[in-house]
Amino acid sequence: EWCGGMNGGGTGYGRYKKMTAHRYVFASIWAMAGDDPLPSDLVVDHMCENKLCINPGHLQLLPMKENIAITPKRRKERQAKEFQEIEGIQ
């Protein structure tokens with residue numbers, strides 16, 4: 001999890017070409033793999049829904065439209081799981 005500064009949206013942020021921390025990490029790994037720069041029309045999605053996560057295994061590239069569409073579904077699934085844990089439901 002990112003321990004540095006955060007932007008107004010609660011996402012990790014630092015001084016690397018005005019990029020969020022998770023995008024910087026993903027772009028660095030992408031570059032080490034020999035791929036072209038990250039496509040600017042894609043966003044780096046947090047599959048874990050933790051805005052401070054910089055674990056490459058929890059990040060994926062998606063079109064913005066798809067990222068917006070799946071976020072509410074994931075949030076509901078996470079809330080249901082948290083409720084079940086609180087209530088002791090298996």
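Position 1 is the first residue of the sequence, and the numbers go up from there. Every value quoted in this text rests on a predicted model; they were computed, and no experiment measured them.
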Using side-chain heavy atoms (C-beta onward) and a distance below 4.5 Å, is W30 in contact with P56? no

Sorted by chain and number, sequence neighbours left out, salt bridge (Lys or Arg N to Asp or Glu O under 4.0 Å) with E66 holds for none

Co-members of M47 in a cluster of I, L, V, M, F, W and Y side chains, linked at under 4.5 Å: none

Residue pair P72 / A69: nearest heavy atoms and the distance that separates them: CD-O, 3.6 Å

Mind checking who shares a hydrophobic cluster with M64, ILVMFWY linked at side-chain heavy-atom distances under 4.5 Å? V43, I68

Hey, are the side chains of C48 and N55 touching, using non-hydrogen atoms and a 4.5 Å cut-off? no

Rounded distance (nearest 0.5 Å) linking atom CG of L62 with atom CG of D41: 11.5 Å

Do the non-hydrogen side-chain atoms of V25 and S28 ever get within less than 4.5 Å of each other? no

Who passes side-chain hydrogen bond (donor to acceptor under 3.5 Å, both in side chains) against E77, sequence neighbours left out? none

V44 meets the side-chain contact (heavy atoms from CB on, under 4.5 Å) criterion, sequence neighbours left out, with H22, R23, F26, L38, L59, L61

